[in-house]
Engineer: 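My structure is below; once you've seen it, I'll send some questions.
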Amino acid sequence: MAPTSLRRPPPAIGRGAAKPIGRGRGAAKPTPSPPQPAPPPVSALEDDDDDDDDERFPTDLEDPYDPEKPNDYQQFCLERLQRENAERLKAELEAAEKKREEVRLEREKAERENALSPAADLSGDEVYRRRMMMSQGGAGTGGEDITGDEAYKRRLAMSQGGAAREDISGDEAYRRRAALSAAEPDDGLTPVARRMMSKMGWTEGAGLSLFKPPGRHSRLTDSCSLMFLCDHVMPPPGLGRHGQGMVAPIELKKTGGNAGVIVNLPQLPPSTPKRAAPPLTSRVVLLQNLVGPGEVDEQLEGETKEECAKYGEVRRVVVHQRKGTSPEESVRVFVEYFRPESAIKARVALDGRFFGGRSVRAQLYDESMSLSVVATAPLGTDRQHTKMTTPSRAEKICCLGAGYVGGPTMCVIAKKCPECKVTVADPFADKIAQWHDPDHLPIFEPGLAELVRETIGKNLFFTTDLEAAIQEADIIFVAVGTPTKTVGIGSGHAANLCYLESAARMIARVATTPKIIVEKSTVPVRNAETLMRIFTTNPESARLFQVVNNPEFLAEGTAIPDLLRPDRVLIGGQTTPAGHEAVRRLADVYAHWVPRERIITTNLWSSECSKLVANAFLAQRISSINSISELCEATGADVDEVARAIGMDSRIGAKFLKTSVGFGGSCFQKDILNLVYLASSLGLQQVADYWEQVITINQHQKARFTERIVHSMFHTIAGKKIAILGFAFKKDTGDTRETPALDIMYKLLEEGANMAVYDPKVPDELLWDDLTHGPSLAPKNARPLPLRERITHVTDPYQAMEGAHAIIICTEWDEFKTYDYQRIYNGMVKPAFIFDGRNLLDHQRLFDMGFEVHSLGRRPLTHFPQGL
Ligand SMILES: NC(=O)C1=CN([C@@H]2O[C@H](COP(=O)(O)OP(=O)(O)OC[C@H]3O[C@@H](n4cnc5c(N)ncnc54)[C@H](O)[C@@H]3O)[C@@H](O)[C@H]2O)C=CC1
Ligand SMILES: O=C(O)[C@H]1O[C@H](OP(=O)(O)OP(=O)(O)OC[C@H]2O[C@@H](n3ccc(=O)[nH]c3=O)[C@H](O)[C@@H]2O)[C@H](O)[C@@H](O)[C@@H]1O
């Protein structure tokens, strides 16, 4: 709903004043005008007109509207990865620190061993001094000549942290050292040994135990105390953090003086190789537990490649099997990407996901490790095939609105997400009953019936019980109509949001568990704010809801292929952690069949805006080429040739350049009007005027086509029979919303024509319903037109054309191209006119048969003598 500030009088269409549209479109169809559920009371709808409202609602709703801060899910994932990497880095640093400590200890040990030989009889302080030199590099302080006391001071400083920085004199150091050694028990160990053990984690009476084997001598010199330590330390069960190290004391046999040899070098248990921490960035992802042992076959590689290509171009996949490891780690699948970003995306997306019941572990793998080595490892011989399915949690999905969008979209989700339960809820029992009968679905869409047959009763359900469906769902799509308002403020331009609001109010009232609410309907920019306000009215339940916008881009007639292979899926969410999570969960649903790189995410307002703009751009192309069609007719150029020539420019592209009698459908007009209203309300009048021209040209195209019919047929069509081929707004649909055929028929009716209409898919009651209400933007006729007397609806096209003066092609149905036009010509009144409003037929052939051929964007083909 437009914010308060946007509530201004709507702009006028074209030159005239704002015209109210005929009736609300976009509601339940094609069943004729079923009543929409009662919208909430006006007082409720007007609620947000109150300026005070802003104080009652959370102000942070404004925050996400910052185009500088796109809510990008990948961005979120990268940030999360960076966080994880930082943590990993920290762990690595700690591990490195530990390692340094170990090295230091080993070095100390080596030094001590050296010290056993008379040539290297160094004091502990001297050892420390040398160690300092080594660890600090030759150049720095290592070269400085420090005394033993100074060395002790530093060592103390190291072990005591900050406090050790206290400035103690050499005497004081000596005094402390003496006190320390005096305090040490006479256990046969020297202070150095004690210090060493302390550094290894020993505290008296805990952890490692010290004991003095009976009968051994009690005191050795400092220099051999380390050996003595080994002799005397018998830690149960072994040295090391996990007790994995030395388990028996080393026995030393003195060979004289301070020298000795080890007589029982223990057999240490083989050490388990340390797992290297995964690298921070890499082009290789290692997948583990994707399949188990014995589940590897030759398809695994290909399937993995296909699945992983969702995150970027895969260079190769290598499957490696290992023996002697856990089942989870026995099959390693390495996926090498061309770009590290792809690998990072894959890791984020796949780690922890379920494939065929297994929780996959995905981690980046050090690129420097040769994959060729693992590539040559033999594959398993077991041919059991494990089908890879895209991972996701088993969401319970519901859709409010079983129309052109809700029905097909949910069928595809049900088909592609077999683990999800999908329920479509609509208050109209007739419509729901029709959805249960695949042979008589409420809408015609190629491929839809097969999908319904496949999924209904398995994981796809249709119901009128809206509340139960809402209650049960995790994700609720709202795909109700948002037609142009016909009365009140913004009438003729603004979207009527009462169905959306009543759906939201029901959700807010019924839901007791967390829900992701998906705005599937096409809405004005910032509509999600209205929904959030409805949901936050009750603070207790506010936290249950996350609103995301997920506009639908399917076109009728190609809805199923459009849904199965969309150019992109757009998801807009709030820029909060919960918002990101909601976007992720919805993205996971689509990721069952849509490559990840085609699932794009943004903030709520950009997403809402993108849908309106997409439709505006598409419609603009049609109006552009239609405007050129008039120019071509006046100049002798051929509009289809022009479209072909410009369409080959890759910057322009070939699609949506087919001239026509005007675009129809429930959305182009309403969405542009919506955009115009929004721009105008924001004071952007030039923007509003610019886009309004798209509608103006569309109206003009329909009008001029009809005028041409009348003028060509000797300026009168009163009492003449005219065959109308096609009433749907485009081929392959039974939908008639905003069909240009209706505008044309109304004009012809006003001129007194008789008409026979044929359309392969439009039901009779829908045709009469449309005719009764008339075109939405046409002025309402005060005098009721004699519809039934002058119009017949036929089911045989030849019957429509028999005895006709003219044929008008209004819809581009393929079957129209297959008719026997010679037979048709023979049965028509001469001169036989054909007006091809879609440039569908072979005009030259028709002309050769004797037809007077009028098309769009071309000079007419006429047998009449010219220039008389
Ligand atoms: N038709 C199309 O090709 C496309 C339509 N859209 C947008 O999708 C939305 C829906 O369009 P259509 O499916 O064509 O409309 P539709 O009129 O075919 O279906 C809407 C359905 O919502 C039901 N409904 C109304 N209030 C309800 C409520 N409170 N709870 C549950 N159901 C309720 C109606 O009974 C009707 O069956 C519109 O906003 C439209 O602009 C977007 C893309 C394509
Ligand atoms: O929001 C919507 O409702 C949908 O609107 C259109 O889909 P739709 O109206 O079903 O069908 P289109 O194929 O776009 O055709 C619209 C009208 O334009 C006409 N048209 C289309 C293409 C063209 O080159 N010339 C032309 O006159 C068609 O005949 C039809 O009357 C968009 O194509 C969809 O992406 C969008 O989701």
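Remember, it's 1-based here, ligands and their atoms both numbered in the order they're listed. On a predicted model such as this, the values are computed, not experimentally measured, just so you know.
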Engineer: Test of understanding: with side-chain hydrogen bond (donor to acceptor under 3.5 Å, both in side chains), list the residues that count as partners of Arg644, not counting sequence neighbours.
Structural biologist: Glu641

Engineer: Heavy atoms only: which of Lys431, Glu552, Lys670, Glu501 lies closest to atom 43 (C) of ligand 1?
Structural biologist: Glu552

Engineer: Is there any ring-ring contact (aromatic ring centres under 6.0 Å, His included) pair reaching into residues 470-489, and which pairs are they, with sequence neighbours excluded?
Structural biologist: none

Engineer: Would Met506 count as a contact residue for ligand 1, given that I'm defining contact as a non-hydrogen atom of the residue lying under 4.0 Å from a ligand atom?
Structural biologist: no

Engineer: Is a side-chain donor or acceptor of Asn698 paired with a backbone partner of Phe663 at a separation under 3.5 angstrom?
Structural biologist: yes

Engineer: So is Arg568 actually on top of Phe553's ring, under 6.0 Å and inside 45° of the axis?
Structural biologist: yes

Engineer: Give yes if a backbone or side-chain nitrogen or oxygen of Phe553 is under 3.5 Å from a nitrogen or oxygen of ligand 2, and no if not.
Structural biologist: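 Yes: some nitrogen or oxygen of Phe553 is under 3.5 Å from one in ligand 2.
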
Engineer: Verify, without hydrogens or angle tests, whether Lys747 (side chain) and Lys702 (backbone) share a donor-acceptor contact under 3.5 angstrom.
Structural biologist: no

Engineer: For ligand 1, find out whether one of its N or O atoms is nearer than 3.5 Å to an N or O atom of Asp426.
Structural biologist: yes

Engineer: Hey, is Ala425 touching ligand 1 through its side chain, its backbone, both or neither, going by heavy atoms under 4.0 Å?
Structural biologist: backbone

Engineer: Can you figure out which of Ile432, Thr522, Leu400 has its heavy atom closest to atom 7 (C) of ligand 1?
Structural biologist: Thr522

Engineer: Heavy-atom contacts under 4.0 Å between Asn615 and ligand 2: side chain, backbone, both, or neither?
Structural biologist: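 The answer is the side chain of Asn615.
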
Engineer: Going by heavy-atom distance to atom 13 (O) of ligand 1, choose the closest among Val480, Val405, Thr733.
Structural biologist: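 The residue whose heavy atom sits nearest atom 13 (O) of ligand 1 is Val405.
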
Engineer: Would Thr522 count as being in polar contact with ligand 2, using the rule that some N or O on each side must be under 3.5 angstrom apart?
Structural biologist: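 Not met; the criterion fails.
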
